[in-house]
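These notes concern the structure reproduced below.
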Amino acid sequence: MVKARSLTRWLAFGFVAGLGFVSAAPASAQATLDTVKKRGKILCGVSPVAPGFSYADDKGVRRGFDVDICRAVSAAVFGEPDKVEYVPLNTNVRFQAVQSGEVDILSRQNTWSFSRDNSLGLDFGPVVFYDGQGLMVPKKLNVSSASELANAAICLLPGTTTLQNLEDFFRPKNIKYEPVVFENSDEWRNAFFSGRCDAITTDRSDLASVRAIASDPDAYVVLPETVSKEPLAPTIRQNDPNWRKIVDWSVYALIAAEEKGITQANVDSHLKSEDPEIQRLLGVNGDFGKMLGLDNKWSYNIIKSLGNYVEVFDRNLGPKTRLGLTRGPNKLWTEGGLLYAPPFR
Amino acid sequence: MRPVASSGTSLFYNLRFRAILYQVVAVGIIVLISLYLFSNVSQKLAEQNIATGFGFLSRDAGFVISQSLIDYKPTDSYGRALLAGIANTVWVSAWGVVLATILGLVVGIARLSRNPLLAFLAFLYVEALRNVPLLLYLFLWYALIVTTLPSVREAWEPIPHVFLSNSGLTVPSLSWTGAHSLTLAALCVGVAMGVAVRRRATARRVATGQHRPSWPWVVLAVAVPVVLAVLLFQPDLTVSLPEKGRFRMTGGAQLRPEFTALLVGLALSASAGIAEIVRSGILSVRKGQWEAARALGLRDGLSMRLIILPQALRVIIPPLTSSYLSLFKNSSLAIAIGYPDLVMVSNTTMNQTGQAIEGIAIFMMVYLGLSIVISLFMNWYNSRVALKGR
């Protein structure tokens with residue numbers, strides 16, 4: 001009997017413990033900044049291969065526009081840009097990677113949209129690149145407008161907004177087409193290059209990447225239509241306002257620096273500037289860094305290590321690169337573009 | 001140890017009670033763990049403001065599926081899109097099973113051929129196919145189809161109105177309606193009747209020894225229902241002829257490269273396994289059976305069909321079930337080469353709605369359910385061919 005009772009007691013204990021286990025609230029989300037500092041590096045989700053945005057150079061070092069956004073945050077947090085570990089993510093797992101905490105920032109040509117902002121538990125930082133979905137065709141098909149693409153096969157990637165955008169664009173025009181959807185971007189590009197598809201569609205910036213990879217880039221032409229608005233913005237978890245602000249203001253610092261004419265080369269001379277906003281921006285005056293939980297030199301460090309927005313743009317995407325993109329809407333508001341940083345005040 | 005507790009000892013030492021107790025505890029622990037996981041997941045999702053539930057199934061999908069067996073358009077719901085994906089998965093797997101079985105049987109028998117060249121070729125076939133991952137073969141078949149075949153503008157026309165291009169094989173077709181389905185059903189009935197007539201004729205020949213040709217009756221049994229159905233339902237017999245469009249073929253029916261590459265990949269790799277299963281089945285039948293068949297004067301082909309294979313089936317069926325199941329599950333590699341199967345449609349759905357857990361739950365349940373159906377069917381068939389009385 002004794003044994004039986006002890007067993008019953010043990011079971012009862014197990015049951016209660018189990019219940020306690022069930023009802024125990026999961027530990028509240030730890031502040032990302034603390035986690036990142038303790039870890040000593042930022043985990044940054046990027047595209048596996050997207051020339052201009054995220055790619056490994058011939059020495060195996062990851063470079064690109066998206067990569068530089070993460071490096072800017074690293075400079076703000078650690079004072080140096082390369083305390084980042086890059087996690088290459090496919091389109092259809094990227095948001096789950098942020099949700100589950102696998103990455104701290106997703107800087108991966110993500111379009112900011114209503115449903116993503118409001119149903120994924122994610123927040124979007126400032127738009128770093130104003131993009132739009134376009135279509136590219138081989139020149140030999142003699143297509144000059146997307147409306148001519150009736151009955152064409154179009155190569156797409158899943159898990160992006162492109163599939164829906166295309167449908168939204170073609171349905172009112174009553175144009176039927178054949179979508180060919182690939183999970184892997186290599187297969188997707190190859191299917192287009194080998195002629196399985198008549199057209200390929202993705203964001204215009206990404207089309208430039210695809211074209212740069214082609215054996216003969218001049219054999220392809222991007223059609224004039226812009227199928228959709230694609231504001232690309234870094235993505236972070238929703239439950240950490242402080243981390244979001246660090247990402248936000250790291251991007252704003254790049255834009256503000258361009259507006260104030262501060263470059264990587266002349267940032268040190270601007271430390272002596274009389275302009276009060278520059279003084280606040282560079283941490284000469286005020287405690288802006290402290291308010292973010294960072295060093296007051298945070299944005300000085302960003303500019304010192306990366307330059308301002310246009311320097312980042314030109315280095316990765318600009319006319320002198322393989323992609324050869326013009327800035328289009330990605331100019332300062334003062335020059336008729338859409339880039340606008342709130343005041344450092 | 002005493003087998004049964006006597007009335008004097010504690011209930012705890014009763015073997016039966018203990019056995020039940022352990023089971024109850026085990027089930028309890030599993031239930032508790034699942035409860036914990038479930039509540040933890042839903043709590044975390046709610047905390048992170050991630051949408052949950054299956055409400056999205058009735059919302060508009062808004063994306064196109066390039067090839068679908070069931071009627072689907074982008075204005076239909078996610079639920080229907082998933083259904084179209086399931087239909088595509090079943091369609092390619094079903095053809096895969098049929099092709100793999102036929103090929104596997106032929107190659108398995110060829111492996112045992114007395115002709116050394118044939119046996120060697122069959123050996124090469126098996127080893128080449130089963131020692132390389134299926135995914136690589138899928139890429140290979142797909143690349144072969146897409147890069148070696150001409151573009152639509154230069155499509156190859158081996159037979160008039162049949163086109164072969166990197167858009168696939170396009171053939172003339174009927175625009176399918178309910179009347180066509182009914183006529184097809186009538187054809188099935190006709191074939192079934194034909195088989196029955198044939199069986200009766202054979203039974204009579206065995207009983208009476210008289211040989212009367214049965215084929216006129218068989219033809220009649222097949223033709224009558226079909227002719228009746230055509231007269232009754234009047235299916236539209238205008239043929240849609242494929243034509244070269246500006247980009248792709250228009251009209252006709254199309255066998256797309258994605259489907260073809262997947263089907264070929266699945267069927268070939270499964271057939272290599274099945275060939276080995278068939279070979280082992282045939283070898284498991286004792287040599288005496290062959291000798292007895294020859295002594296009765298049967299030709300090799302007939303002995304194989306009437307004596308060896310039926311006995312070999314007992315050994316073949318159980319591992320064959322696993323082959324079918326893995327073929328079915330491997331069809332999920334479709335996503336690599338752009339065939340819109342269940343996984344691809346689920347992926348798109350998950351990405352548009354952001355509800356990954358629900359999406360994965362659905363496709364796991366579908367794979368589980370359909371796999372169980374295949375197993376049940378194969379078990380039933382196995383019990384039919386099993387040696388009676390053992």
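Order of the sequence lines sets the chain letters (A, B, ...), proteins ahead of strands, with each chain counted from 1.
Using a 4.5 Å cut-off between heavy atoms, B/Ser151 makes no contact with chain A at all. Using a 4.5 Å cut-off between heavy atoms, A/Ala199 does not touch chain B at all. The part of B/Ala336 that comes within reach of chain A is its backbone (N, CA, C, O), which places non-hydrogen atoms under 4.5 angstrom from that chain. Within the 4.5 angstrom heavy-atom criterion, atoms from both the backbone and the side chain of A/Glu183 approach chain B. At a 4.5 Å heavy-atom cutoff, the contact between A/Val181 and chain B is made by backbone and side-chain atoms alike. If you measure heavy-atom distances from A/Asn184 to chain B, you find no contacts under 4.5 Å at all. With a 4.5 Å cut-off on non-hydrogen atoms, B/Ser165 does not touch chain A at all. Contact of A/Leu149 with chain B is made through backbone and side chain together, with heavy-atom distances under 4.5 Å. Contacts of A/Lys176 with chain B are absent, with no heavy-atom separation under 4.5 Å from either backbone or side chain.
Across A/Cys197 and B/Arg248, no two heavy atoms sit closer than the pair C-NH2, 3.9 Å. Considering all non-hydrogen atoms of both residues, B/Asn166 and A/Gly195 come closest at ND2-O, 3.0 Å. Considering all non-hydrogen atoms of both residues, B/Phe247 and A/Asp198 come closest at CB-OD2, 3.2 Å. Nearest heavy atoms, A/Leu163 versus B/Thr348: CD2-CG2, 3.6 Å. A/Ala191 and B/Tyr142 make their closest contact through CB-OH, 4.5 Å (heavy atoms, listed as atom of the first residue, atom of the second, distance). The nearest pair of heavy atoms linking B/Gly62 to A/Arg171 is CA-NH2, 4.2 Å.
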Residues A/Gln164, B/Asp60; criterion side-chain contact (heavy atoms from CB on, under 4.5 Å); working and verdict
CA-CA 11 Å; A/Gln164 266 179 329; B/Asp60 274 12; over 6 Å; no

Would B/Arg256 and A/Val180 count as a side-chain contact (heavy atoms from CB on, under 4.5 Å) if you check the C-alpha gap in whole Å, the side-chain angles of each, and the deciding distance to 0.1 Å?
CA-CA 10 Å; B/Arg256 287 175 210 268; A/Val180 189; over 6 Å; no

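Between the CD atom of A/Glu148 and the CZ atom of B/Arg246 there is a distance of 4.5 Å, given to the nearest 0.5 Å. The CD atom of B/Gln352 sits 8.5 Å away from the OG atom of A/Ser115 when rounded to the nearest 0.5 Å. Within the model, atoms CZ of B/Phe139 and CG of A/Asp186 stand 8.5 Å from one another, a figure rounded to the nearest 0.5 Å.
Top candidate by heavy-atom pairs under 4.5 Å with chain A, chosen from B/Met344, B/Met249, B/Glu258, is B/Glu258. Interface summary for chain B: among A/Ser194, A/Ser113, A/Cys155, A/Ala150, the most heavy-atom pairs under 4.5 angstrom belong to A/Ser194. The candidate from A/Val143, A/Val93, A/Asn118 with the greatest count of non-hydrogen atom pairs under 4.5 Å with chain B is A/Val143.
Looking only at side-chain heavy atoms (C-beta outward), B/Thr147 and A/Arg196 stay at 4.5 Å or farther from each other. Annotation: side chain of B/Gln67 is not in contact with side chain of A/Glu178 (no heavy-atom distance under 4.5 Å).
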